[in-house]
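Some notes on the structure that comes next.
Note that this is a predicted model, so its numbers are computed, not measured.
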Amino acid sequence: MLPVSDKNTIGSLKNGFSVVIPVYNHERTVADVVHRTLALDLPVMVVDDGSTDSTYDRIKGIAGVRILRHRSNRGKGAALMTGFSQAEKTSAWAITLDADGQHDPRDAAALVAAIPRNKRPIVIGKRLGMLAAEAPWTSRFGREFSNFWVRMAGGPSLADSQSGFRIYPLPECLHLGVESRRFQFEVEVLTKANWNRIPVIEAPISVSYRPGTPRISHFHPFFDFLRNFGVFSRLITRRVLSRSFLRNS
């Protein structure tokens, strides 16, 4: 936990924030994450993206949480978009965090505090401790891979483009034309935000990878590599063609 006064920071702006938690087969961790997030005293929405385990049963009785459900698994990006569409009815910002327990919801205060006055950026929680031995190698490699290709596609230069702990301005991020609906949503939205001159900034947060504790991840190295390659190829091609058009016009 970072030394930020979370109640004061979030409390001063809380009427403008909702929390969106995308969930897919996180039965072991989701209830704890939801309970800790509710302590922020913000509206909390859980988007159950077609879970086939007991995820829904673990959270359906928790007072104060709104549960949105997909009939089948549509992907993390689709779950986020569902949450954003609901959140923007009452809030100007959506705080997102993962349901696997790696994030401390209280670190939302660090993200809120990083928002400059009169600006509406995307704020990314830059995870500290990613080089620790407990951090999965897939997370460390994936972060560096993603950071490089986001820059190549015309996105911002970032230290942690794969962090799921973020703040998104609404409704701006609903109208960026992001096509990806799985994990790749989180990198495409950064690139298209940069194209549309929406600032993207980072703020440090903690991360927890507990030794000996099974980590729930739906990342598939082969298939997600192919999806990443396809998304970045599309974005880079569009960037190159756009520049070529501007030079010739």
Side-chain angles (χ1 to χ4, degrees), residues 16-26 30 33-34 37 42-52 55-56 59 65-100 103 105 108 111 115 120-125 142 146 150 153-156 158 160-200 216-220 223-224 227-228 230-232 234-235 238:
F17 289 83
S18 290
V19 182
V20 175
I21 306 175
V23 177
Y24 177 61
N25 288 350
H26 286 94
V30 65
V33 170
V34 169
T37 303
L42 297 174
V44 176
M45 300 171 196
V46 174
V47 184
D48 182 0
D49 187 32
S51 293
T52 57
T55 288
Y56 177 68
I59 60 175
V65 62
R66 177 160 191 177
I67 303 173
L68 308 172
R69 303 183 75 187
H70 290 168
R71 290 180 179 271
S72 59
N73 179 252
R74 292 160 52 186
K76 186 177 184 181
L80 289 171
M81 289 293 281
T82 294
F84 292 170
S85 295
Q86 186 63 44
E88 68 111 4
K89 296 176 182 178
T90 57
S91 303
W93 306 85
I95 301 171
T96 67
L97 68 153
D98 295 337
D100 61 3
H103 301 139
L111 305 188
I115 300 173
R120 293 185 56 76
I122 294 176
V123 186
I124 301 174
S146 174
V150 166
L158 299 168
D160 195 359
S161 60
Q162 287 201 324
S163 173
F165 203 163
R166 303 180 177 189
I167 296 179
Y168 291 93
L170 302 176
E172 293 94 324
C173 289
L174 280 165
H175 304 298
L176 287 173
V178 179
E179 299 174 32
S180 302
R181 287 296 180 266
R182 296 196 174 273
F183 288 107
Q184 294 72 27
F185 173 94
E186 290 182 312
V187 292
E188 183 173 347
V189 72
L190 300 179
T191 300
K192 290 193 171 177
N194 205 50
W195 289 0
N196 287 274
R197 299 185 179 180
I198 294 175
V200 180
I216 303 162
S217 174
H218 303 296
F219 178 81
H220 301 285
F223 292 109
D224 281 305
R227 291 187 183 111
N228 286 339
V231 169
F232 287 124
R234 169 167 53 83
L235 293 173
R238 189 170 301 177

Any chance you could measure [X], atom [atom1], to [Y], atom [atom2], to the nearest 0.5 Å?
| X | Y | atom1 | atom2 | result |
| --- | --- | --- | --- | --- |
| I115 | I167 | CD1 | CD1 | 4.0 Å |
| L190 | S146 | CG | OG | 7.5 Å |
| H103 | I21 | NE2 | CD1 | 11.0 Å |
| M45 | S91 | CE | OG | 6.0 Å |
| Y168 | I198 | OH | CD1 | 11.5 Å |

Under 4.5 Å between any side-chain heavy atoms of [X] and [Y], yes or no?
| X | Y | answer |
| --- | --- | --- |
| L176 | W195 | no |
| D48 | L68 | no |
| L80 | E186 | yes |
| C173 | I122 | yes |

Contacts of type side-chain hydrogen bond (donor to acceptor under 3.5 Å, both in side chains), residue [X], not counting sequence neighbours:
| X | value |
| --- | --- |
| D98 | K76 |
| S85 | none |
| T191 | none |
| D49 | H70, N73 |

side-chain contact (heavy atoms from CB on, under 4.5 Å) between T96 and V19, worked out: CA-CA 6 Å; T96 67; V19 182; over 6 Å; no
If every non-hydrogen atom of [X] is compared with every non-hydrogen atom of [Y], which pair is closest and at what distance?
| X | Y | answer |
| --- | --- | --- |
| S18 | T90 | OG-OG1, 4.1 Å |
| V150 | P156 | CG1-O, 3.6 Å |
| P105 | T37 | CG-OG1, 3.5 Å |
| P22 | A99 | O-CB, 3.8 Å |
| R166 | S161 | NH2-O, 2.7 Å |
| A193 | V200 | CB-CG2, 4.1 Å |

Residues V23, I59; criterion side-chain contact (heavy atoms from CB on, under 4.5 Å); working and verdict: CA-CA 11 Å; V23 177; I59 60 175; 5.7 Å; no
Tell me every residue that passes side-chain contact (heavy atoms from CB on, under 4.5 Å) with [X], counting only those two or more places apart in sequence or in another chain.
| X | answer |
| --- | --- |
| R120 | A92, W93, P169, E172 |
| A94 | V20, F84, L170 |
| R234 | E179, S180, E188, K192, V231, R238 |

Partner residues of R66 under the salt bridge (Lys or Arg N to Asp or Glu O under 4.0 Å) criterion, sequence neighbours left out: none
side-chain contact (heavy atoms from CB on, under 4.5 Å) evaluation trace for V33 with D100: CA-CA 8 Å; V33 170; D100 61 3; over 6 Å; no
Any donor-acceptor N or O pair under 3.5 Å, side chains N25, T55: no
Residues which pass ring pair (Phe, Tyr, Trp, His ring centres under 6.0 Å) with F185, listed by chain and number, not counting sequence neighbours: none
Criterion side-chain contact (heavy atoms from CB on, under 4.5 Å) on R74 and R181, from CA distance to verdict: CA-CA 7 Å; R74 292 160 52 186; R181 287 296 180 266; over 6 Å; no
